[in-house]
Amino acid sequence: MTHKSGFVNIVGNPNVGKSTLMNVLVGEKVSIITAKSQTTRHRIMGIVNTDEMQIVYSDTPGVLQPNYKLQASMLNFSESALGDADVLVYVTDVVEKIDKNDFFLAKVQKVESPVLLIINKIDLSNQKELEKQVEEWHELLPAAEIIPLSATNKFNIDYLKKRIEEQIPESPPYFEKDQLTDRPARFFVTEIIREKILLYYQKEIPYSVEVVVESFEEAADIIRMRALIIVERESQKGIIIGDQGKALKKVGSMARKDIEKFFDKKVFLEMFVKVEKDWRNRDKFLKSFGYQLD
Ligand SMILES: Nc1nc2c(ncn2[C@@H]2O[C@H](COP(=O)(O)OP(=O)(O)OP(=O)(O)O)[C@@H](O)[C@H]2O)c(=O)[nH]1
Ligand SMILES: [Mg+2]
């Protein structure tokens with residue numbers, strides 16, 4: 001029996017639904033999803049295994065023009081995903097402007113692997129509008145197969161899966177057959193906490209935050225963990241903690257519930273806030289948080 005294995009890399013502008021699609025394709029919540037753009041900051045792999053096939057999906061940050069080093073690293077993750085894809089999944093949606101970030105689209109036009117162009121969120125559109133968009137995209141990426149779908153409504157997902165599977169090359173598996181992701185458990189703890197921060201705080205706050213898990217101890221009936229929320233300025237620390245610590249307590253309790261679901265175990269979560277001035281531009285911090293620099 002021949003075995004197929006390959007990398008399916010999901011790229012596109014912020015907020016078009018890349019992570020939503022990734023989770024639907026993998027069948028697990030590997031990536032966090034919020035209505036705010038720049039939710040995803042890393043390249044995250046989600047692996048789907050059957051006896052005959054292993055598909056390694058990569059979710060990536062939304063494409064942006066970097067204003068600080070953290071964003072430059074986010075763009076690096078997206079660009080790296082253009083180079084090693086067996087199948088490239090370029091996601092757009094029915095509301096974004098077609099020429100947004102055309103510097104990245106120019107790179108997609110040069111990719112040699114097959115490209116599936118997903119027009120997501122068709123639940124927000126109508127037949128006439130969609131037909132017009134399909135035509136416009138076809139002009140821009142003539143070699144790509146265009147697949148309109150709705151990730152949240154799971155509409156047309158089976159067809160996308162079929163087209164992906166058909167284009168996965170023959171190869172031995174790249175990862176162990178029982179592996180679901182390339183990330184350790186702690187990574188998902190930081191992401192769940194960051195998701196709650198994105199949901200709870202306004203404006204610049206979520207973008208100035210990094211989360212680090214300092215300790216993670218698993219006992220028979222409980223996992224004890226200590227997380228550090230890193231901010232750029234003293235004033236942000238005050239906002240994160242909130243009046244009498246109420247804000248931090250609320251975020252901690254929302255995060256704990258989801259972490260318990262994730263591990264299917266009781267969790268004790270302690271959270272602290274620390275200021276590391278201008279960390280988003282400092283190599284030392286970025287490296288230690290797992291961001292690649294040039
Ligand atoms: N109406 C509708 N909303 C969707 C659909 N797919 C995703 N969304 C919403 O779009 C928003 C962004 O979704 P994400 O999956 O986080 O988007 P992303 O492309 O990963 O965003 P970044 O990581 O910030 O680049 C969320 O509020 C989703 O619920 C869809 O098919 N229809
Ligand atoms: Mg995302």
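Order of listing sets the numbers, starting from 1, for every ligand and every atom in it. What you see is a predicted model; the values in this text were computed from it and never measured.
Looking at ligand 1, you'll find an N or O of Gly62 within less than 3.5 Å of one of its N or O atoms. Polar contact with ligand 1: absent for Leu149 (N/O pair, distance under 3.5 Å). Remark: ligand 1 and Asn120 share an N or O pair separated by less than 3.5 Å (distance only, no angle test). Distances between N or O atoms of Gly17 and those of ligand 1 include at least one value under 3.5 Å. Residue-to-ligand polar distances keep Ile33 apart from ligand 1: every N/O pair is separated by 3.5 Å or more. Ligand 1 has a nitrogen or oxygen under 3.5 angstrom from a nitrogen or oxygen of Thr39.
Heavy atoms of Arg41 come nearer than 4.0 angstrom to ligand 1 in no pair at all.
Side chain of Ser208 to backbone of Val231: no donor-acceptor contact under 3.5 angstrom is found. The backbone N or O of Gln179 sits less than 3.5 Å from a side-chain atom of Asn49, completing a donor-acceptor pair. Not a single donor-acceptor pair under 3.5 Å links the side chain of Asp99 to the backbone N or O of Asp102. Between the side chain of Thr60 and the backbone N or O of Ile10 there is at least one donor-acceptor pair closer than 3.5 Å. Not a single donor-acceptor pair under 3.5 Å links the side chain of Tyr291 to the backbone N or O of Met74.
Within the 2.8 Å limit, Met22 places no N, O or S atom next to the Mg ion (ligand 2).
Residue nearest to atom 21 (O) of ligand 1, selected from Val11, Asn15, Leu198, Val94: Asn15 (by heavy-atom distance). If you check each of Thr34, Ile122, Thr20 against atom 26 (C) of ligand 1, the one with the closest non-hydrogen atom is Thr34.
For Asn153, no heavy-atom contact with ligand 1 is shorter than 4.0 Å. Of the heavy atoms in Met22, none comes closer than 4.0 Å to ligand 1. Residue Gln38 touches ligand 1 through its backbone alone, judged by heavy-atom distances below 4.0 Å.
For Tyr207 and Tyr68, the distance between ring centers is not under 6.0 angstrom.
Ranking the protein heavy atoms by distance from atom 8 (N) of ligand 1 puts Lys121 CE, 3.7 Å first. Closest to atom 27 (O) of ligand 1 among all protein heavy atoms lies Ala35 CA, 3.5 Å.
Judged by the 6.0 Å distance and 45° axis criteria, Arg226 is positioned over the aromatic ring of Phe272.
Environment of CD in Glu28: sparse, with no more than 12 heavy atoms of neighbouring residues, nucleotides or ligands closer than 6.0 Å.
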